[in-house]
Amino acid sequence: MILYHVSDTIIEKPKLEFTRSYTDLGKGFYLASAYKDAQKFCAKFKTQGKDSFISSFEFTEDKLNTLNVMKFDDYSESWLDFILKCRSGQDTSNYDLVIGGVANDKVFNTVELFFDGLIDKAEAIKRLRFEKPNLQFCFRTQLALSFLTFIKASRL
């Protein structure tokens, strides 16, 4: 499968030391499964006056069985709990790879309302129940990163 990473530079060899903490699926190298999601994320860099690049990587799915993987197939209570732990710095899991939904505008707004205490968990799950996630992949260890093969980068 082809996965896409967005940055203000071309990334050929991902390095974990340059990743941010307190993110949705934990500290790691994030890739989108949908090119259109990567294109949308490029707008963040453009509004900051920076270049934006989409680096494409090949990931062979048969490698999944050699990794410690957590996969969320939908926006569920367990997904929301995991994001809360990761964003608050309380995640102590040792996953090599976490796969879960991208927070589009509607999902992001619902999650923020929940985190701000403006809606409860039941209401958040109710609002997210019918959203079908586009998946993002968070490669959290060097072992997981070793299964990515750089293909190309494009400036947007």
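Starting from 1, each residue takes its place in the sequence as its number.
A ring-centre distance under 6.0 Å is found for Phe29 and His5. The aromatic ring centres of Phe59 and Phe139 sit less than 6.0 Å apart.
The shortest non-hydrogen separation linking Leu3 to Ser33 is CD2-CA, 3.8 Å. In terms of heavy-atom proximity, Ala38 sits nearest to Val6 at O-CG2, 3.2 Å. Of all heavy-atom pairs spanning Phe82 and Ser93, the tightest one is CE1-OG, 3.9 Å. Contact detail for Leu64 and Val69: the closest heavy-atom pair is O-CG2, 3.8 Å.
Side chains of Lys71 and Leu135 form a contact here, defined as non-hydrogen atoms less than 4.5 Å apart. The shortest distance between side-chain heavy atoms of Phe137 and Tyr30 does not fall below 4.5 Å. Residues Leu145 and Leu16 meet the side-chain proximity criterion, which asks for heavy atoms closer than 4.5 Å. Considering only heavy atoms from C-beta on, Tyr95 stays 4.5 Å or farther from Cys138 through its side chain.
Taking a cutoff of 4.0 Å between a charged side-chain nitrogen and a carboxylate oxygen, Lys27 and Asp91 do not qualify as a salt bridge. Under a 4.0 Å N-O distance rule, the pair Asp120/Lys126 does not qualify as a salt bridge.
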- Message: Evaluate Arg127 against Ile125 for side-chain contact (heavy atoms from CB on, under 4.5 Å), listing each step before the verdict.
- Response: CA-CA 5 Å; Arg127 291 180 183 202; Ile125 297 303; over 6 Å; no

- Task: Mind running salt bridge (Lys or Arg N to Asp or Glu O under 4.0 Å) on Lys50 and Asp8 for me, showing each step along the way?
- Result: CA-CA 6 Å; Lys50 297 179 180 179; Asp8 59 351; 3.8 Å; yes

- Task: Verify side chain to side chain donor-acceptor pair (under 3.5 Å) between Arg140 and Thr19, making sure each step is shown before the conclusion.
- Result: CA-CA 9 Å; Arg140 296 170 37 148; Thr19 60; over 6 Å; no

- Message: Using side-chain contact (heavy atoms from CB on, under 4.5 Å), reason through Lys121 and Phe114 one step at a time and then give a plain yes or no.
- Response: CA-CA 7 Å; Lys121 187 183 285 185; Phe114 170 69; 3.7 Å; yes

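Two different hydrophobic clusters hold Leu148 and Leu25 under the rule that ILVMFWY side chains link at heavy-atom gaps under 4.5 Å. No single ILVMFWY cluster, assembled from side-chain heavy atoms under 4.5 Å apart, contains both Phe53 and Phe18. Hydrophobic cluster membership differs between Tyr22 and Leu84, with clusters built from Ile, Leu, Val, Met, Phe, Trp and Tyr side chains linked at under 4.5 angstrom.
Side chain of Asp116 to backbone of Leu118: no donor-acceptor contact under 3.5 angstrom is found.
Ile119 contributes atom CD1, which lies 5.0 Å from atom CG of Leu113 (distance to the nearest 0.5 angstrom). Note that OG of Ser78 is 7.0 Å distant from CE of Met70, once rounded to the nearest 0.5 Å. With values rounded to the nearest 0.5 angstrom, Ile11 atom CD1 is found 13.0 Å from Ile54 atom CD1. Taking CH2 from Trp79 and CG from Asp74, the interatomic distance works out to 10.0 Å, rounded to the nearest 0.5 Å. Taken to the nearest 0.5 Å, the CD1 atom of Ile151 stands 3.0 Å off from the CD1 atom of Ile2. Taken from CZ in Phe115 to CG in Leu80, the straight-line distance is 5.5 Å, to the nearest 0.5 Å.
Checked against side-chain hydrogen bond (donor to acceptor under 3.5 Å, both in side chains), Ser21 has no partners two or more places apart in sequence or in another chain. Glu112 is linked by a salt bridge (charged side-chain N to carboxylate O under 4.0 Å, His left out) to Arg87, counting only residues two or more places apart in sequence or in another chain. Scored by the salt bridge (charged side-chain N to carboxylate O under 4.0 Å, His left out) test, Asp51 finds Arg155 as partners (sequence neighbours excluded). Partners of Ser146 according to the side-chain hydrogen bond (donor to acceptor under 3.5 Å, both in side chains) rule, which considers only residues two or more places apart in sequence or in another chain, do not exist here. The side-chain hydrogen bond (donor to acceptor under 3.5 Å, both in side chains) test applied to Tyr4 returns no partner, not counting sequence neighbours.
Shown here is Lys85, whose NZ atom has no more than 12 heavy atoms of other residues, nucleotides or ligands within 6.0 Å.
Listed by first and then second residue, the side chain to side chain donor-acceptor pair (under 3.5 Å) pairs that reach into residues 53-68 are Asn68-Asn94, sequence neighbours excluded.
Residue Gln136 forms a side chain to side chain contact (heavy atoms under 4.5 Å, CB included) with just one option from Ile99, Asp37, Asp24, Leu31, and that option is Asp24.
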